[in-house]
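Heads up, the thing below is written out as structure tokens.
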Number of protein chains: 2
Amino acid sequence: MPLEIRPSQALRLWRQVHLDLVRDGEADLSARQVAILLTVYLELPPHTVRGLATQLGVTKPVITRALDTMGKLGLVSRRRDEADRRNVVIQRTVAGALAVERLADLVVDRAREIGGS
Amino acid sequence: MPLEIRPSQALRLWRQVHLDLVRDGEADLSARQVAILLTVYLELPPHTVRGLATQLGVTKPVITRALDTMGKLGLVSRRRDEADRRNVVIQRTVAGALAVERLADLVVDRAREIGGS
DNA sequence: GGATAATGATACGGACCCGTAACGATCGGG
DNA sequence: CCCGATCGTTACGGGTCCGTATCATTATCC
């Protein structure tokens with residue numbers, strides 16, 4: 001059950017959602033931060049710094065810094081793994097879940113408005 | 001002829017495309033830069049700094065700086081409007097058109113892979 | 001127990017971006 | 001003409017991010 005979408009529709013959808021994100025003053029997340037956020041909220045836990053770095057193909061400091069920023073924004077939180085205290089487990093937050101939900105609704109709504117061609 | 005998509009599909013699509021963008025090392029454009037790029041390539045010319053600032057709901061320096069960066073990347077170019085030399089017209093480039101096309105294909109391909117539910 | 005490995009965080013120099021404010025260039029009306 | 005309005009750019013101080021290299025902490029293996 002593939003999702004059918006034409007290139008011109010894809011571009012209009014992409015543009016409109018980004019316009020909404022910019023205009024709503026939503027925290028201007030970079031592509032990396034979006035990838036991290038959605039990975040944490042869509043993939044099965046546990047999530048570690050190392051694991052995210054591997055999945056994104058970036059270095060660990062990139063993840064650490066992104067988590068710093070997103071932590072300040074309340075989108076994720078960190079907890080030491082008591083089983084192996086070297087690890088840090090990235091956890092979801094209520095605010096983060098709401099932000100993800102808003103994004104989903106935004107995409108769905110804008111997709112609905114995208115007419116044919 | 002609306003585009004039907006469920007929230008969970010929207011999120012998976014959004015995540016997968018952002019993962020691709022990060023992994024491909026494509027210039028890590030901010031949401032604002034994406035909005036500018038797609039506006040220039042989808043909407044009818046001419047495009048001015050002021051016009052883009054109004055559409056995005058941001059200040060003019062934001063546009064100027066984004067154009068500086070995207071100009072270095074070759075995604076857009078600037079030309080003085082000879083009719084009214086106060087204006088600057090933002091123009092498309094071959095590299096920019098290719099980047100937009102790649103993005104469209106990326107979204108289309110990933111959408112096709114998004115199964116039901 | 002001591003050496004080795006692995007994890008996440010930090011330091012550093014450099015680049016980019018933000019918003020506000022000021023600026024030079026250009027146009028247009030009186 | 002000249003003065004005000006409009007255009008895009010630049011200056012400023014502050015913040016974030018980058019990649020590389022290094023760090024402290026913790027686990028593992030002999």
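Because only heavy atoms are used, hydrogens play no part in the values below, and waters and symmetry mates are left out as well, while side chains stay in.
Under the 4.0 Å criterion applied to side-chain N and carboxylate O atoms, B/Asp68 and B/Arg78 are assigned as salt-bridge partners. Salt-bridge annotation for A/Arg112 and A/Asp109: present, with a side-chain N of the basic residue lying under 4.0 Å from a carboxylate O of the acidic one. Between A/Arg15 and B/Glu43 a salt bridge is recorded (basic side-chain N to carboxylate O distance below 4.0 Å).
Rounded to whole Å, atom P of C/dA15 lies 19 Å from atom CG of B/Leu29. Nucleotide C/dT7 holds its P atom 7 Å from the CG atom of A/Asn87, rounded to whole Å. In this structure, A/Lys60 places its NZ atom 16 Å from P of D/dC18, rounding to the nearest Å. Here the C1' atom of nucleotide C/dA9 and the CZ atom of A/Arg79 are 18 Å apart, to the nearest Å. The distance between atom CG of A/Asp68 and atom C1' of D/dC17, rounded to the nearest whole Å, is 11 Å. The interatomic distance linking B/Ile63 (CD1) with C/dG19 (C1') rounds to 14 Å, in whole Å. Rounded to a whole Å, the CG atom of A/Leu73 is 15 Å from the P atom of D/dG15. Between B/Leu67 atom CG and D/dT10 atom C1' the separation is 15 Å, expressed in whole Å.
In this structure a side-chain-to-backbone donor-acceptor pair under 3.5 Å is present from B/Gln33 to B/Ser30.
Using a 4.0 Å heavy-atom criterion, one finds that B/Gln33 contacts the sugar-phosphate atoms exclusively.
A pairwise comparison of heavy atoms in B/Arg92 and B/Ser77 identifies O-OG, 4.5 Å as the closest pair.
For D/dT9, the OP1/OP2 oxygens have a side-chain nitrogen or oxygen of B/Thr64 closer than 4.0 Å. OP1 or OP2 of D/dC17 lies within a sub-4.0 Å distance of a side-chain N or O belonging to A/Thr69. When the side-chain nitrogen and oxygen atoms of B/Arg86 are compared with OP1 and OP2 of C/dC27, none of them lie within a distance under 4.0 Å. Residue B/Arg80 places none of its side-chain N or O atoms closer than 4.0 Å to OP1 or OP2 of D/dT9. Distances shorter than 4.0 Å separate some side-chain N or O of A/Thr48 from OP1 or OP2 on C/dG8.
For the pair B/Gly51 and A/Ser30, nearest-nucleotide mapping onto DNA chain D gives the more 5' position to B/Gly51. Place A/Lys72 and A/Arg85 on DNA chain D by their nearest nucleotides, and A/Lys72 ends up nearer the 5' end.
Out of D/dT10, C/dT7, D/dT20, the shortest distance to the side chain of B/Pro61 is found at D/dT10.
Evaluation of atom-type donor-acceptor distances gives a pair under 3.5 Å for the side chain of A/Arg65 against the base of D/dG19.
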